[in-house]
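As the structure is a computational prediction, the values presented were derived from the model and not from experiment. Below, each value reflects all heavy atoms present in this structure, side chains not excepted, and no hydrogens, waters or symmetry copies. All chains are named by letter (A, B, ...) in the order of the sequence lines, taking the proteins before the strands, and each is independently numbered beginning at 1.
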2 protein chains.
Amino acid sequence: MARAQLDTLDYKILQMLSVNGRKPFLEIARECNVSGAAIHQRIQKLMSMGVLKGSECLIDPASVGYETCAYMGFFLKDPSRFDEVVEKLKAIPEVVEIHFTTGQYDMFIKLYAHNNDHLLHIIHEQLQGLGLARTESLISFKEVLKRQIPVSEPGD
Amino acid sequence: MARAQLDTLDYKILQMLSVNGRKPFLEIARECNVSGAAIHQRIQKLMSMGVLKGSECLIDPASVGYETCAYMGFFLKDPSRFDEVVEKLKAIPEVVEIHFTTGQYDMFIKLYAHNNDHLLHIIHEQLQGLGLARTESLISFKEVLKRQIPVSEPGD
DNA sequence: AGTGAAAATGGTGCGTC
DNA sequence: GACGCACCATTTTCACT
C-alpha cells in the first residue's frame, strides 16, 4: 500500500489519536476549528481507507506477568513453506510480531514470555517442529523506549 | 516492576481494551455484570498503578509514508555512555523502540523510514556520531503480524 | 469496592449548504 | 466536504451502602 492522499486535517486527527486513542472527537474538533460531525466523517473515511485500523490500550507487560521480551531470527529448512510457518506462529499468543526480512534471516519475530524458563519452554515445545534450520535469539533486558511511528505531513 | 495483584475483573477489562481501546465503559460493564461506575473506578486504579498506560490508535505505516521498517543492533565504543546514546536516539522520531539486550549487542532498536534511501540517510546523518563501534541492520520487507501481548489471568 | 441516579459531555445521523 | 442540530449513549461525580 502506498502513501494515502491525506490533508492537514487528516494528519492532525491521526496525530492526536496516536497520542491518545480515546481523545473525544469533539475535543479534536475544537482544536482543529471544525465541527464534531466533520471529525466523525473524517475518522470514518480514514477507517474505510485502512489508514486507521482501530485502537488499543497500552498495557505494562511486567504488570500482567511478562518479564521477558525476546527477538528471534529464523532460518527455515524449506523457505517455500513460509506461509505455513506464519500460520503456526500466529497460533502462539506470545508471538506478537512476525517479519519477512531481507538478508540475514528468513523470518524475524518478537515474543513475550513470563520469564526465561517460559521462553525456553516456548522455544522447545512450540517453535521446534516448525521446520527451523537454525535460530538466533536476542533477549531484551529492558525496553527503554516504545512509541508510535511519527505522524507528520509530507512537507514537514 | 513485578506482576501486579489483579483480579478477574481487572483482567477482563484489560483484555477488552487491548482489543478495542475505545470500547465504551458501559459495554464493558454490561459484559462483566457490574455498574459503569465500577469499571470507571477500576480503570482509574489500573492507570494510577501504571498497569494501563493510555491508548493509541493503530495507523497503517505505509499510508502515512513509512514503507521501510528496520531493526538495528549496536555495539557502543563506550558502553558506559548508554544513557546518553538513549537520549540522543529518543530525539530521532523515526526510532520507535530501544532495547537493552543480553549478549550479541549492547543495544537494539526498531525504526521506520520513508524508504531505503531515507533509512540510509538516518543511519549516516543521525546514528553515526553517536559513538557506535559497529552496527548490524535487518530490514523488514513485510510485517506479517503485529499484535498486543496476551492478557490472561495467572491460572489460565 | 460497588451501586444507582443525576449532570455534563460526547457520538451519530440527517437535512442543508 | 462541512455545518448545525436533534437524539441518544457515554462519562463522570456523588451520596449511600
> For Tyr105(A), which of Phe82(A), Phe75(A), Phe100(A), Phe74(A) qualifies under ring-ring contact (aromatic ring centres under 6.0 Å, His included)?
Replying inline: Phe75(A)

> Do Leu145(B) and Val86(A) come close enough that some side-chain heavy atom pair is under 4.5 Å?
Replying inline: no

> Salt bridge between Arg134(A) and Asp106(A), side-chain N to carboxylate O under 4.0 Å?
Replying inline: no

> Less than 4.0 Å between a side-chain N and a carboxylate O, is that true for Glu94(B) and Lys110(B)?
Replying inline: no

> Is there a side-chain contact between Ile139(B) and Thr68(B), using heavy atoms and a 4.5 Å cut-off?
Replying inline: yes

>> Is the shortest side-chain heavy-atom distance between Leu6(A) and Leu46(A) below 4.5 Å?
In response: yes

> Going hydrophobic residue to hydrophobic residue with side-chain gaps under 4.5 angstrom, can you get from Val144(B) over to Tyr71(B)?
Replying inline: no

> Taking the side chain of Ser35(B) as heavy atoms from C-beta outward, which of dG4(C), dA1(C), dA2(D) is closest to it?
Replying inline: dG4(C)

> How close or far is atom P of dA1(C) from atom CD1 of Ile39(B), stated in whole angstroms?
Replying inline: 14 Å

> Just to confirm, is there a sub-4.0 Å distance from OP1 or OP2 of dT12(D) to any side-chain nitrogen or oxygen of His40(B)?
Replying inline: yes

> Leu46(B) has an atom CG; how far is it from atom P of dA1(C), in whole Å?
Replying inline: 11 Å

> Does a salt bridge link Lys146(B) with Glu56(A), judged by any charged N lying under 4.0 Å from a carboxylate O?
Replying inline: no

> Rounded to whole angstroms, how far apart are CD1 on Ile43(A) and C1' on dG11(C)?
Replying inline: 10 Å

> Whole Å only: how far is the CG atom of Asp7(B) from the P atom of dG2(C)?
Replying inline: 7 Å

> Is any side-chain N or O of Arg30(A) closer than 4.0 Å to OP1 or OP2 of dG10(C)?
Replying inline: yes

Give every pair of a protein N or O atom and an N or O atom of nucleotides 14-17 of chain C that lie under 3.5 Å apart, one pair per line with the distance.
none

> Which residues, if any, of residues 10-29 of chain B bring a heavy atom under 4.0 Å of DNA chain C?
Replying inline: Arg22(B)

> Just how far, in rounded Å, is C1' of dG1(D) from CG of Asn33(A)?
Replying inline: 16 Å

>> Check this for me: does any side-chain nitrogen of one of Lys12(B) and Asp7(B) sit under 4.0 Å from a carboxylate oxygen of the other?
In response: no

